[in-house]
Amino acid sequence: MNNHRSFCKTNLQDYKPYPYLIDQIDLQFDLDFKVTRVTNTMYVERKAEFENCTNIILYGEEIKLLSISINDICLNKSQYIIKENILIIKEIPCKSFIKIASECFPNKNFSMIGLYISNGNFFTQCEPEGFRRITWFADRPDVMSRYTVTVRANKKYSILLSNGNLLYKKDISNNITEAKWIDPFPKPSYLFALVVGNFNIRERSIKTISGRNIKLQIYSEESICYTEWAMQSLINAIRWDEKKYNLELDLDRFMLVAVRDFNMGAMENKGLNIFNSSYILSSHETSTDYDYNNIESTIAHEYFHNWTGNRVTCRDWFQLSLKEGLTVFREQEFTSDMVSKNLNGDMSISARAIKRIDDVIYLRSNQFPEDSGPMAHPVRPDNYKEISNFYTPTIYEKGAEIIRMQHNLLGTEGFRAAMDKYFQLYDGMAVTCEDFINIVESIYYSKNHNSTNFKNFKNWYTQAGTPTVIVKMDYKHESKSCTITLSQYCNNVGSEKEENKEKEPFFIPFSISILDKNGNPYKIFSKDKNLSIDGETITLKFFQKKQKWIFEEISDLPVLSLLRNFSAPVKVKYEYKNNDLKIIALHDNDYFAKWEAVQELSIAQVFSILDQINCGLDIQINSDLIYIYNKIINNKNLYCGYKAKILTIPNEKTIAERLPIINPSAIAIARDLLIRKIGEYLLPLWENTFVDNQDCDNTYSIDLYHKRMLKNLSARYIMASNTSDMFNIFEKHFYKSKNMTNCIELLSNIIDFGDSNISNELLSFFYNKWYKNSYVMDKWFSVQAASRKKNLNDIKELMSNKYFTFKNPNRVRSLIFQFCINNARGMHNADGSGYNFWSEQVIVLDSLNQELSSSLVRVLDNWSSLIPNLKDKAQTSLLEIYNKRDISRNVLEIVEKSLTIK
């Protein structure tokens, strides 16, 4: 193996405050496509506790230093040192104006971090450490400054934007326009933004809760007709935050900008949010319901950051989940409210459950595997080599689940009190996860009096891995008592394996209900301080390695409904009795528990099919599962969207997570067989369901979204059955559909289950209709890359298409990522060709965009769990990446951990 250059770890325990205050920063940009000049004037004051520190350290990458002056006196080269990406200025006064002139090169910046060009316009992306690619600065989140920004650009650019409020915009010569922006709020450098170019503008003025007039603007290269939904989503988020948390927009204007070339979904820069265009632009002809959903939730997420992330920010990057976990939780609650706001009674409750189910599916498919793999880390990591690698499902989604547990333990009013206290204490400051959890802890203790069990809750932040809860029930007929015993364990994962220390137990709020054989809940009365009762839901406060609870007056052997509403991010081990899951699926009134029961039965059936295939047997399906599906389809009281969720077979990642040794292709085949059998057994019901939901080819609404979800699921079961004469109907529906959701779902199903000649005709029709629309073409690439019928040669042919490019992250994700993540048969081919392809693409991308390459390399995080033949081939491909001498720090850290190379 090659000896790579050494990359030092950054350790949490080594944190030290920055020695200087940089209260004010004045930036002047003379923008040019090839060479942009940046003049940075900082007011610097040494902190009293660092009186012996006379040098200042600043950071810069891929920029050229022109000059430095202090208090208008130019420095010579003996007065500063540049070592790699660090600038050390010697012997500065305790108070000084430091002025640094430098150049950066936007047209050469393919990483899209710092200042870069997209379609001839200028954009920035600074989180986490992109500001140092713009100018020399103390680029760390605990250095908060007030920014004044002057932008000068050629008059051909009509829009010149930065953070905060516009002071003026004027022509200063025949060719140059100048604009000056002032942000009144201190912010860290990662929240700086600049956008210059030519855009269409959608504008709306509204009043805040206090009566202030504010201007909302959306900038896009596309027509404003595509930004109507984005504007409504922004207004909904503003109103929700005012009502829920009394948090008001604090600037005179709030701006969203859409850019096609962007590494992530969006960025919460103070007052100037920059978005991947796919999270702004929409129309029912070009966007799916999934797109509409993502636009609403992403806009809300970035807007909510204005307080949870911007007004109160992170002291250091180890605290990343402080802003991300909290904001994801707020976004999830907002989306749940939006989904259910126009529904009543059980319909509203089941609609909210849809969002909860979606969040849990994502957690189990993405975060649970991460928690058991080589990149496993605590929600607040102890160290990192490359901070970009820690924008993970653990930080975001697991972080949100930890916040949700706190919310549920405090109750709605208690959590609101915690949020109010948080902003009261820390507005305008950079703080830590402990600062937030300590507020929650104090309110929890005041609410629970002398309780001392909360201390173990902090282990969620400092220990990696997904805890497993083992449930045992002992029922005694004579005394009519039921004893429930919980025990927990969590294996050492990731870097914890090296330490091999025993983990402390987690505080787990474990919600259950005790049901009779008809699915009716027993009424429970208990004075046990280690549980709480809300209606029929009992939340066991489980904070030791093993605890037990005794419940009296249980007249018969009970059925346990476990982990209701997914009350904690844990795995559950319990031996269900006889028809327990059937009873829960049909009668439990907790919609998450009902869904979970059907999921458990479906996964058990997939495992049974795997065994039957291995034994050469004819495939048989559990009659209970078919019976349950029948009952659910015919239940007119169930909301259509919820039906679609509960009748969907668990995805391949969720199934794989249950197995110690994984054969992805075999799982995909077994899952497809189950879909086919369910399609065959219930074909008339699926056909009727499809016909009953024909009137949903219109524009987006929540209700139509859920009708389409059920309709298209029905179509998939019908096509999978291969026994229906409806294929011609589906083909006609595809050609006449004016709704992208229906169109793309029919296309996907026909590619997967239809005749290849017809599939090719449909793909050609779609291509010829939409080749000029890059957003729709992403779907054309994606639907083929993920198809069970497409192999590696098909993917390589698509890569030769003139509309494929490595330089656009969305296009790369739509083809290469989709294949590697969602095409199990192609990616995990027995000859290893899928892995060879994967490693080649990682290396190509790494030379262009390390953010993308470090995401793609994580596809094989859990390679060591594969069956032996695949495991060996995956390791070979990982080693090919590792042995590439000029591989980036981002990718190298992940590969080293994957290979467990010290």
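The shortest distance between side-chain heavy atoms of N453 and N530 falls below 4.5 Å. Side-chain contact check for R330 versus L247: some heavy-atom pair is nearer than 4.5 Å. When side chains are defined from C-beta on, V469 does not count as touching K573, because their heavy atoms never get closer than 4.5 Å. Within the 4.5 Å cutoff, the side chain of K458 has heavy atoms near those of the N438 side chain. Considering only heavy atoms from C-beta on, P509 stays 4.5 Å or farther from N408 through its side chain. For the pair F436/M419, a side-chain contact is recorded, criterion being any heavy-atom separation below 4.5 Å from C-beta on. Under the 4.5 Å side-chain criterion, counting only non-hydrogen atoms from C-beta, Q605 is in contact with I621. Put simply, the side chain of L557 reaches to within 4.5 Å of the side chain of M473, judged on heavy atoms.
With ring centers used as reference points, F542 lies 6.0 Å or more from F510.
Proximity of a side-chain donor or acceptor of K398 to a complementary backbone N or O of G465 within less than 3.5 Å is detected. No donor-acceptor pair under 3.5 Å is formed between the side chain of S567 and the backbone N or O of L563. Distance alone, capped at 3.5 Å, places no donor-acceptor pair between the Q332 side chain and the A400 backbone. A donor-acceptor pair is defined here as one N or O able to donate and one able to accept, closer than 3.5 Å; such a pair exists between the side chain of S714 and the backbone of L710. Looking only at distances, a side-chain donor or acceptor of S372 sits under 3.5 Å from a matching main-chain atom of P369. Judged by distance alone, the side chain of N579 and the main-chain N or O of I583 form no donor-acceptor pair under 3.5 Å.
A distance of 8.5 Å separates CG of D371 from CG of L363, quoted to the nearest 0.5 Å. The distance from the CZ atom of R352 to the CE atom of M338 is 10.0 Å, given to the nearest 0.5 Å.
Under the side-chain hydrogen bond (donor to acceptor under 3.5 Å, both in side chains) criterion, the residue pairs touching residues 501-514 are E496-K503, E502-K545, S511-T539, with sequence neighbours excluded. Residue pairs meeting the ring-ring contact (aromatic ring centres under 6.0 Å, His included) criterion with at least one partner in residues 557-583, sequence neighbours excluded, are F566-F592, Y574-Y576.
Taking the six-membered ring where tryptophan is involved, the planes of F304 and F334 are perpendicular, since the angle between them exceeds 60° and thus also 30°. Between Y444 and F507, the angle of the ring planes goes over 60°, which puts this pair in the perpendicular group of the 30/60° scheme. Ring geometry, W460 versus F457: the interplanar angle falls from 30° to 60°, so the pair is classed tilted. Note on ring orientation: taking the six-membered ring where Trp is involved, the planes of Y391 and W317 are tilted (angle from 30° to 60°).
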Exercise. Report the C-alpha distance between K571 and E657 in whole Å, list the side-chain angles of each, state the deciding distance to 0.1 Å, and finish with yes or no for salt bridge (charged side-chain N to carboxylate O under 4.0 Å, His left out).
Key: CA-CA 10 Å; K571 299 176 183 178; E657 183 64 14; 2.9 Å; yes

Exercise. Carefully, step by step, assess N236 and S233 under the rule side-chain hydrogen bond (donor to acceptor under 3.5 Å, both in side chains).
Key: CA-CA 5 Å; N236 289 344; S233 297; 5.4 Å; no

Quiz item: How far apart are the C-alpha atoms of M709 and K643, what are their side-chain angles, what is the distance that settles it, and do they pass the side chain to side chain contact (heavy atoms under 4.5 Å, CB included) test?
Solution: CA-CA 9 Å; M709 195 190 300; K643 277 188 182 181; over 6 Å; no

Quiz item: Taking it one step at a time, do R658 and I603 satisfy side chain to side chain contact (heavy atoms under 4.5 Å, CB included)?
Solution: CA-CA 9 Å; R658 301 289 190 91; I603 290 173; 3.7 Å; yes

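Counted by atom type alone, W307 and D241 present zero donor-acceptor pairs between their side chains at under 3.5 Å. Side-chain atoms of N589 and E536 include a donor-acceptor pair closer than 3.5 Å. There is a side-chain donor-acceptor pair under 3.5 Å between H301 and E324.
Taking E596 as the reference, R364 meet the salt bridge (Lys or Arg N to Asp or Glu O under 4.0 Å) condition, with sequence neighbours excluded. With sequence neighbours left out, the side chain to side chain contact (heavy atoms under 4.5 Å, CB included) criterion links A351 to V339, S340, L343, Y639. The salt bridge (Lys or Arg N to Asp or Glu O under 4.0 Å) check on D528 picks up nothing, with sequence neighbours excluded. Taking the side chain to side chain contact (heavy atoms under 4.5 Å, CB included) definition, one finds that K476 meets it with D474, E478, S479, S481, sequence neighbours left out. When the salt bridge (Lys or Arg N to Asp or Glu O under 4.0 Å) test is applied to R311, the partners found at least two apart in sequence or on another chain are D250, D427. Not a single ring pair (Phe, Tyr, Trp, His ring centres under 6.0 Å) links W549 to another residue, sequence neighbours left out. Under the rule for a side chain to side chain contact (heavy atoms under 4.5 Å, CB included), the partners of P381 that lie at least two apart in sequence or sit in another chain are F318, H377, F390, I395. Annotation: ring pair (Phe, Tyr, Trp, His ring centres under 6.0 Å) contacts of Y591 (sequence neighbours excluded): Y642. Scored by the salt bridge (Lys or Arg N to Asp or Glu O under 4.0 Å) test, D611 finds no partners at all (sequence neighbours excluded). Residues satisfying the side chain to side chain contact (heavy atoms under 4.5 Å, CB included) criterion with D534, sequence neighbours excluded, are absent altogether.
Salt-bridge check for D588 with R564: passed, with a basic side-chain N closer than 4.0 Å to an acidic carboxylate O. Salt-bridge formation is not detected for the pair K523/E553: no Lys NZ or Arg NE/NH1/NH2 atom is positioned less than 4.0 Å from an Asp or Glu carboxylate oxygen. One finds a salt bridge joining R239 and E242 here, because a Lys/Arg side-chain nitrogen approaches an Asp/Glu carboxylate oxygen to under 4.0 Å. Between E268 and K323 there is a salt bridge, since a side-chain N of the basic residue sits under 4.0 Å from a carboxylate O of the acidic one. A salt bridge between R356 and E401 is present, with a side-chain N of the basic residue lying under 4.0 Å from a carboxylate O of the acidic one. Using a cutoff of 4.0 Å between basic side-chain nitrogens and carboxylate oxygens, R858 and D861 are scored as salt-bridged.
Atom NZ of K577 has more than 12 neighbouring heavy atoms from other residues, nucleotides or ligands inside a 6.0 Å radius. Under a cut-off of 6.0 angstrom, the local environment of CG in N578 is sparse, with at most 12 non-hydrogen atoms contributed by other residues, nucleotides or ligands.
The heavy-atom pair separating S602 from I649 by the smallest distance is OG-CD1, 4.1 Å.
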